[in-house]
Each structure stands twice: as C-alpha cells, then as structure tokens.
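These notes are about the structure you will find just below.
Keep in mind it's a predicted model, so treat the numbers as computed, not measured. In what follows, residues are counted from 1 in the order of the sequence shown.
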Amino acid sequence: MKICILGGGNIGSLILGDIGLKEGVSVRLLTSRPDEWSHTIEVYDRYGDVKYKGNVDVISNNPEDVVIDADIIISTLPSHIFPIIIQRIKPFIKTGTWIGVMPGSGGSEFYCKELIENGCTLFGFQRVHGISRIREYGRSVYDLGKKNELYIAAVPTEKTKEVCMVMENLFDMKCNSLANYLNVTLTPSNSILHTTRLYTMFHDYKEGMYWDKIIAFYTEWTDEASKMMIACDEELQTMCCKVDGLDLTGVRSLTEHYESKTPKKMTEKISNIIAFKSIKTPMIATEQGYIPDFKSRYFLEDFPYGLCIIKGFCEIVRLKTPSINKVLMWFEKIAGIKYYIDGRFEGKDLKDLPLPKNYGLNSVEDIVAYYK
C-alpha cells in the first residue's frame, strides 16, 4: 500500500512516524522543503525519549514523484492551503484513490467534488489523532498524547466502514463510522473551540497593546471563554436539529465532548488536560512585548474555514446566531475583511469561501440531498 502525506507540520510529522513503521506500507511525502527532510522520522515522548521511528521512502516537492502511484493520500494541510494543493496534484491522482483529510472540516467535500465524481473516495477525520509538536523539522516530533478512538466519514458514504477498517490498522486506533460527511464538516473542535478562545482573549486588543508573556492557550483558559464557547456551540446544535432527514448525531456538543455542562466546570476541565499543557497562544514578540499573531493558522483557518462554514449552514436554516455573529464580526474587523453588510451575512469576502450557498445548497432539502 502506497500512502502519500501532504504537509510536514506537527500532525504530518507524527503521521509519518506512525505509519512509516508499518510493514507492507510505502510512505511518500509532498513538502515544499524536501531538502530539509530525513528518510527516518523519530517520534519522542513528552519526556524526551525516543518511542519509535518511521521510514519515509520518497520525499519530493513534485506531485508526480509522490502522488501518481498513491493508493491513499492524507492531507494535514491548513484549510486555506488545501484547495491550492488539491488543484496542483489533481492531474496526478489516479481513479480510485482515497483522499483523506485530518481534520476533515474546512470545505474539503466541495473542493474534492470533481475527484469524487471521477471515482475517488474522500474521507475526513473529525479531529486529529493526537497532539504533537515538531522537535527538529524534518527529523523528529513529540507525541504528546493520542486519542482513544477516531471518528471518520467518507464520500460516498458506503465507503466509510471500509475506510475505518484500513485506518484502524494504520493508526492502531479504534475508528468509528459517522453517518455522513456533514458530521465532519460541522465538528466544533477548532471552529468553535479556537475562535471563541481567541475572541475572549483579544476582543479588546488595539495597536499599542502588549503582553509581557505568551498566554497558555488552554492552561490559562477562562470562564469568559467557556461561556462564549458554550453559547456558540448551542447555536450549532440548534442548527443541526433543523436539518430534518439527515443524521447529525455525530456532531457532539462540546459540553458532551468535555463532559462539562457549566462554564466553571468547562474551564476546570479544559485547563487541566495534560496533552494541552504545552500549547501556547499564537503570539509574536516585539521590542515592547507580545502581540497576537494574526497570520497564524488559528486565525487564517479557523474563522474563515471553520466558523464561517457553520454560519453558512445556519443561514440556510434561517437560524439567528447572535454569539457566532459577535465572534465573526470581531474577526472581520481585525482581518480587514467584509463578512456582513448591515448585519446580513452577505459580505464580499464570503464569495471565495467553501460555504454551502457557494456550491448550490440553498435549502434543507439541498443539504440532505448533497450529504446523503
């Protein structure tokens, strides 16, 4: 089995280490920096000890070298980069190839529509399979904690069980089938978890404000962040209930996922997750102190390719979303873009995003037909 990984960031590096030790698997990597990569990836535990090593057989920045014979492609690219790379590699993807996305939200089902129609299978993971951080780029990575199980959906849906079986063997992790791909698209992990935390940290930020240290993203979590996160999550859950005819029970509420029903319990839970302890807020150093890094993946990906997509589905079912609006209206100000016109979600900078209306979905019936 030949498997190509797109992207060599934190998660991409960990996947290479994980599947690169499997017998009967030949691993490829598409990266913009092939000269900086070793053919052996070391995976370390949080204490700095080597757990295992994975082998990467082919490393290239040329899609023809690594994509053309791939049976499975797994993308770990940021959502705003994924459509660019998919267009670039599309001519080299053979019919029948499985294209996986980790995590699978961000509009991948729209960007891969032509490939699916031509006989490929798209599959998406609801969440990443673990927490990781690069130790030495192209050579080693820290495994900071793996999930107990994974949740996956595929398009076409009848391929989901088969995909889950293969992924279980690759990742040595239980994989559960989701009813349809919309359960992946609407996962509130990064799209609500990250965006509401960033909003509550920086909604009062103005040029000239500085912090004396980088804020811990999770261990310094606040009740304010929990309240906004729960409010946006409740709007998402209400929207799911309005899509009659489609099983969206896989879109688990964050209060259920973290087993915390109140803001206070949520704060206590999130701030004490061991795997999250080393994760810092995206901030950059200046001579005066630290400021938000608005060019980080958290900003470039999770607002336009996460929360905006959820808002797009809320628009179709005509659901009012005051909390989601508050977060997105703040983001459009700091990003210098336009999502709203006189309070309506019709701004010019929505036209290039993978929103359902941009792909012909204008009613609940359209949603059901597309994802069933």
Modelled atom types, side-chain donor and acceptor of Asn325 and Lys320, under 3.5 Å
no
Any side-chain heavy-atom pair from Ser108 and Leu122 closer than 4.5 angstrom?
yes
Determine, for Glu268 against Lys264, whether the closest basic-nitrogen to carboxylate-oxygen distance falls under 4.0 angstrom.
no
Can you tell me if Ser13 uses its side chain to pair, donor with acceptor, with the backbone of Ile134 under 3.5 Å?
no
For Tyr52 and Gly17, which heavy atoms make the closest approach, and how far apart are they?
CE1-O, 3.7 Å
Taking all non-hydrogen atoms of both residues, which atom of Gly145 and which atom of Arg46 are closest, and how far apart?
N-NH2, 4.4 Å
With a 3.5 Å distance limit and no angle check, can you tell me whether Arg252 reaches the backbone of Thr187 through a side-chain donor-acceptor pair?
no
Answer yes or no: is there a donor N or O on one side and an acceptor on the other, between the side chain of Glu109 and the main chain of Val155, under 3.5 Å?
no
Heavy-atom nearest pair, Asp233 first then Ser253, reads OD2-OG, 2.7 Å
Derivation and outcome, side-chain contact (heavy atoms from CB on, under 4.5 Å), residues Phe217 and Tyr298:
CA-CA 11 Å; Phe217 197 83; Tyr298 281 54; 3.7 Å; yes
If you count heavy atoms of other groups shown closer than 6.0 angstrom to CZ of Arg344, is the number above 12?
yes
Tell me whether Gln126 contacts the main-chain N or O of Asn183 through its side chain, where contact means a donor paired with an acceptor under 3.5 Å.
yes
Within this structure, what is the OG-CD1 distance for the pair Ser191 and Ile310, rounded to the nearest 0.5 Å?
3.5 Å
Val166 and Met1: CA distance, side-chain angles, deciding distance, side-chain contact (heavy atoms from CB on, under 4.5 Å) verdict
CA-CA 11 Å; Val166 173; Met1 184 184 293; 4.0 Å; yes
Least distance between heavy atoms, Asn61 atom then Leu30 atom
C-CD1, 3.7 Å
Gap separating the CD1 atom of Ile93 from the CD1 atom of Ile89, nearest 0.5 angstrom:
4.0 Å
Can you list every pair that meets salt bridge (Lys or Arg N to Asp or Glu O under 4.0 Å) and has a residue in residues 272-297, with sequence neighbours left out?
Arg297-Glu301
Test item: Asp45 side-chain N/O and Asp49 main-chain N/O as donor-acceptor pair under 3.5 Å:
yes
Go through it in stages, so that I can follow the logic: the residues are Phe276 and Thr219, the test is side-chain contact (heavy atoms from CB on, under 4.5 Å), and I'd like the CA-CA distance, side-chain angles, deciding distance and then a yes or no.
CA-CA 7 Å; Phe276 288 174; Thr219 56; 6.0 Å; no
Would you check, one step at a time, whether the test side-chain hydrogen bond (donor to acceptor under 3.5 Å, both in side chains) holds for Asp223 with Thr267?
CA-CA 6 Å; Asp223 287 347; Thr267 301; 2.7 Å; yes
Identify whether Leu186 and Leu150 are in the same connected component of the hydrophobic contact network (ILVMFWY, side-chain heavy atoms under 4.5 Å).
no
Show your working on side-chain hydrogen bond (donor to acceptor under 3.5 Å, both in side chains) between Asn62 and Ser60 and close with a plain yes or no.
CA-CA 5 Å; Asn62 182 359; Ser60 179; 5.2 Å; no
Out of curiosity, does Met102 fall in the hydrophobic cluster containing Met167 (side-chain heavy atoms, cut-off under 4.5 Å, transitive links)?
yes
Stepwise side-chain contact (heavy atoms from CB on, under 4.5 Å) check, Gln87 with Lys90
CA-CA 5 Å; Gln87 285 301 315; Lys90 190 182 289 185; 3.0 Å; yes
Answer yes or no: is there a side-chain heavy-atom contact under 4.5 Å between Thr200 and Met229?
no
Are Leu6 and Ile15 grouped together when hydrophobic residues (ILVMFWY) are joined by side-chain heavy atoms under 4.5 angstrom apart?
no
Tell me if a side-chain donor or acceptor on Gln237 pairs with a main-chain N or O of Val251 at a distance below 3.5 Å.
yes
Count the heavy atoms of every other residue, nucleotide or ligand shown that sit under 6.0 Å from NZ of Lys242, and state whether that count exceeds 12.
no
Please indicate whether Met329 has more than 12 foreign heavy atoms, meaning atoms of other residues, nucleotides or ligands, lying under 6.0 Å from its CE.
yes
If you count heavy atoms of other groups shown closer than 6.0 angstrom to NZ of Lys51, is the number above 12?
yes
May I ask you to decide if the ring planes of Phe110 and Tyr371 are parallel, tilted or perpendicular, using 30° and 60° as cut-offs?
perpendicular
For the side chain of Asn176 and the backbone of Tyr151, is there at least one donor-acceptor N/O pair under 3.5 Å apart?
no
With the 4.5 Å side-chain cut-off for hydrophobic clustering, are Ile74 and Leu115 part of the same group?
no
Using 30° and 60° as the class boundaries, would you call the ring planes of Trp221 and Tyr218 parallel, tilted or perpendicular?
parallel
Nearest 0.5 Å, please: how far is CD1 in Ile73 from CH2 in Trp98?
13.0 Å
Residue Ile274 excluded, over 12 heavy atoms near CD1 under 6.0 Å:
no
Check the pair Tyr199 / Phe303 against ring-ring contact (aromatic ring centres under 6.0 Å, His included), numbers first and verdict last.
CA-CA 10 Å; Tyr199 168 79; Phe303 290 89; 9.0 Å; no
Check: Phe299 ring centroid to Phe294 ring centroid under 6.0 Å:
yes
For the pair Ser260 (side chain) and Tyr258 (backbone), establish whether a donor and an acceptor sit closer than 3.5 Å, ignoring hydrogens and angles.
yes
Heavy-atom pair of closest approach, residues Ile284 and Pro292:
CG1-O, 4.3 Å
Main-chain N/O of Tyr339 paired to Asp349 side chain as donor or acceptor, under 3.5 Å
no
Kindly give the heavy-atom pair with the smallest separation between Asn180 and Thr157, and that separation in Å.
CA-CG2, 4.2 Å
Would Leu361 end up clustered with Ile116 when hydrophobic side chains under 4.5 Å apart are linked, directly or stepwise?
yes
Donor-acceptor contact present, side-chain Glu235 to main-chain Ile324, <3.5 Å:
yes
For Lys113, I'd like to know if atom NZ has over 12 heavy atoms of other residues, nucleotides or ligands within 6.0 Å.
no
Salt-bridge test for Arg28 and Asp69: reply yes if a basic N is under 4.0 Å from a carboxylate O, no otherwise.
yes
Would you indicate whether the side-chain heavy atoms of Thr281 and Trp211 approach each other to under 4.5 Å?
no
Positive for ring-ring contact (aromatic ring centres under 6.0 Å, His included) with Tyr340, one of Phe331, Phe345, Trp330:
Phe345
Taking only Lys NZ, Arg NE, NH1 and NH2, and the carboxylate oxygens of Asp or Glu, determine whether Glu224 and Lys227 approach each other closer than 4.0 Å.
no
Do other residues, nucleotides or ligands put more than 12 heavy atoms under 6.0 Å from the CD atom of Glu259?
no
Name all pairs fulfilling the salt bridge (Lys or Arg N to Asp or Glu O under 4.0 Å) condition that reach into residues 17-27, sequence neighbours left out, sorted by first residue then second.
Asp18-Lys146, Lys22-Asp172
